[in-house]
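Okay, structure first, notes after.
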Protein chains: 2
Amino acid sequence: MTVLSRTEIEPAGGVALWRQIADAIRLDIVGGKLETGDRLAGELPLAERFGVNRHTVRRAIAVLVEEGVLRAEHGRGTFVAEARRLSYPIGRRTRFSEGLAGQTKQRARTILSSRIERATARLAERLDVKPGTRLIRVETVAFADGRALSRATGWLPEQRFPEYPAVLAETGSTTEALKRYGIDDYSRGSTRISARHATTDEAQVLKLAPGAVVLVSDAVDIDAAGVPIHTLLTRFPADRMELVV
Amino acid sequence: MTVLSRTEIEPAGGVALWRQIADAIRLDIVGGKLETGDRLAGELPLAERFGVNRHTVRRAIAVLVEEGVLRAEHGRGTFVAEARRLSYPIGRRTRFSEGLAGQTKQRARTILSSRIERATARLAERLDVKPGTRLIRVETVAFADGRALSRATGWLPEQRFPEYPAVLAETGSTTEALKRYGIDDYSRGSTRISARHATTDEAQVLKLAPGAVVLVSDAVDIDAAGVPIHTLLTRFPADRMELVV
DNA sequence: CCAACTTGTATAGTGGAATAGACAAGTACG
DNA sequence: CGTACTTGTCTATTCCACTATACAAGTTGG
């Protein structure tokens with residue numbers, strides 16, 4: 001049973017060996033090579049496979065145990081505690097709550113903050129308004145089954161959506177909130193997907209180790225007439241979520 | 001001129017400070033906050049902003065200079081050498097060469113290797129064949145203007161596409177190669193997008209620093225009748241490419 | 001020319017990452 | 001029971017990331 005592919009780890013690059021090893025093991029778990037309850041190879045075999053000292057492997061495992069991904073049992077071995085990665089669908093009619101239905105028991109969204117901002121050139125182009133237009137900026141976090149799944153920043157023109165944060169807080173759903181403004185239907189214009197290391201702010205809110213990878217989705221929603229409603233910058237923890245087109 | 005947001009950098013996490021800083025600066029560049037030719041803030045102001053020593057900032061800059069992202073001039077300052085991130089469209093009819101047309105002058109694909117493999121349960125499900133079916137596995141790298149843009153692994157059923165690697169090498173294009181087998185049209189079934197740190201193999205082939213982030217696209221192409229043709233696992237360097245849905 | 005900025009270089013000290021080896025303590029199996 | 005495996009703990013050592021300070025050397029503008 002080849003538990004891990006013979007991934008050789010190089011010494012440097014600014015990323016500690018123990019972190020590279022932790023990432024490699026986590027990858028085998030969320031990638032499906034290891035399933036919940038499976039027993040990991042022993043520390044000594046793993047150390048040999050990665051070409052490092054046993055203590056370096058131990059540190060990597062300690063991090064994954066801390067994260068809740070692995071579970072170590074004295075004298076028996078180390079086991080996979082939790083494996084699955086959630087899939088978030090992306091399409092014309094993406095709805096947050098529907099997308100994850102069936103994958104999680106409970107879902108929730110929290111508004112971190114909101115404020116008025118002037119449209120930069122970039123935002124103005126996206127929302128098809130004049131630069132300097134007053135926009136509402138809303139910062140949110142989404143949870144499912146107690147784990148943070150996304151950190152999003154949204155912008156809407158204030159003129160069309162006055163008091164939006166209050167309405168969103170009251171309804172708890174983007175779809176419902178937009179209905180209050182007479183928008184019965186909306187769809188996704190374009191989505192740009194990229195990836196990068198998490199910022200310290202994101203790492204804090206999403207409870208990630210610094211240096212973790214986030215998937216970034218930059219989307220624009222449009223109404224039935226094709227007019228941009230709001231633009232949304234969402235960051236997903238790459239080890240917990242994948243996007244499905 | 002706020003060249004960089006006041007991103008505070010935390011000490012540890014297994015990722016070196018200089019790497020976190022390099023990532024932060026690169027993010028400002030590919031994210032559009034800094035454009036080609038712009039002057040970066042001085043090393044001392046940067047060090048103060050990140051809360052680190054000047055030498056730590058210097059090391060981060062040295063890496064970006066090495067990558068060709070920045071250009072340092074003695075006595076004058078440090079400047080952005082190259083900014084733009086390429087956009088790779090994802091849709092029903094994704095064609096590699098068309099997708100990047102207009103963004104690059106020259107494009108090329110190299111076949112690294114190919115071999116026969118037995119379908120695992122996972123691959124069998126994707127290609128709608130029995131587990132153990134003989135598959136052709138093709139490893140490729142794509143370049144544009146001399147820079148590596150993607151590292152892909154493809155699987156096709158051998159029975160339907162005998163000698164595929166030779167045909168692909170001869171035609172140089174997936175679309176053309178498939179025509180030889182009577183497939184005039186094909187489209188994308190589903191695409192799953194995730195992100196993670198690059199493996200050492202990927203870092204080598206794509207010429208990335210170890211610890212760099214890759215976008216991973218896992219797709220299935222189907223013919224006009226809806227039968228799976230081939231499945232493709234593509235890794236893009238996240239700092240050079242973004243995916244557009 | 002000179003003052004005030006910039007990047008480049010050198011040296012020295014501190015703390016953490018990684019290695020090495022030895023041993024304690026739990027579990028499984030004949 | 002006892003052997004062979006496992007994870008857990010300790011100590012010592014080497015190497016590099018990071019800090020701190022100082023100064024060289026290029027550029028710009030008055």
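In what follows, every heavy atom counts, from backbone to side chain, and hydrogens, waters and symmetry copies are set aside. Below, chains carry the letters A, B, ... as their sequence lines are ordered, and counting in each starts from 1.
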Any N/O donor-acceptor pair, Arg54(A) side-chain to dG8(D) base, under 3.5 Å: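 Under the 3.5 Å cut-off, the side chain and the base do form a donor-acceptor pair.
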Q. Would you say Glu73(B) has more than 12 foreign heavy atoms packed within less than 6.0 Å of its CD?
A.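 More than 12 within 6.0 Å, yes.
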Count the heavy atoms belonging to other residues, nucleotides or ligands that lie under 6.0 Å from CD of Glu66(A), then report whether that count exceeds 12.
no
Between [N] atom [atom2] and [X] atom [atom1], what is the distance in whole Å?
| X | N | atom1 | atom2 | value |
| --- | --- | --- | --- | --- |
| Arg19(B) | dC16(D) | CZ | C1' | 16 Å |
| Arg39(B) | dT6(C) | CZ | P | 6 Å |
| Phe79(B) | dT6(C) | CZ | P | 12 Å |
| Ile61(A) | dT9(D) | CD1 | C1' | 15 Å |
| Leu64(B) | dT7(C) | CG | C1' | 16 Å |
| Arg71(B) | dT27(D) | CZ | P | 14 Å |
| Asn53(A) | dA22(C) | CG | P | 13 Å |
| Ile21(B) | dA17(D) | CD1 | P | 14 Å |

Does the side chain of [X] get closer than 4.0 angstrom to OP1 or OP2 of [N] through an N or O atom?
| X | N | value |
| --- | --- | --- |
| Thr56(B) | dT19(D) | yes |
| Arg58(B) | dG8(C) | yes |
| Thr78(A) | dT6(D) | no |
| Arg59(A) | dA17(C) | yes |

### Query
Do Glu202(B) and Arg151(B) sit within salt-bridge range, that is, some charged N less than 4.0 Å from a carboxylate O?
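Here Glu202(B) does not pair with Arg151(B) in a salt bridge, since their nearest N and O are not under 4.0 Å apart.
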Point to revise | Residues Arg122(A), Asp218(A): salt bridge by 4.0 Å N-O rule | key: yes
Between Trp18(A) and Gly75(A), just flag the one whose closest nucleotide in DNA chain C comes earlier from the 5' side.
->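 Going by which nucleotide is closer to the 5' end, it is Trp18(A).
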Given [options], the nucleotide with the shortest approach to the side chain of [X]:
| X | options | result |
| --- | --- | --- |
| His74(B) | dA18(C), dT7(C), dG8(D) | dT7(C) |
| Arg76(B) | dA18(C), dT19(D), dT28(D) | dT28(D) |
| His55(B) | dG8(C), dA20(D), dA20(C) | dA20(D) |

Problem - Pair Gln20(A)-His197(B), side-chain contact (heavy atoms from CB on, under 4.5 Å): steps then yes or no - result: CA-CA 8 Å; Gln20(A) 295 187 52; His197(B) 285 123; over 6 Å; no
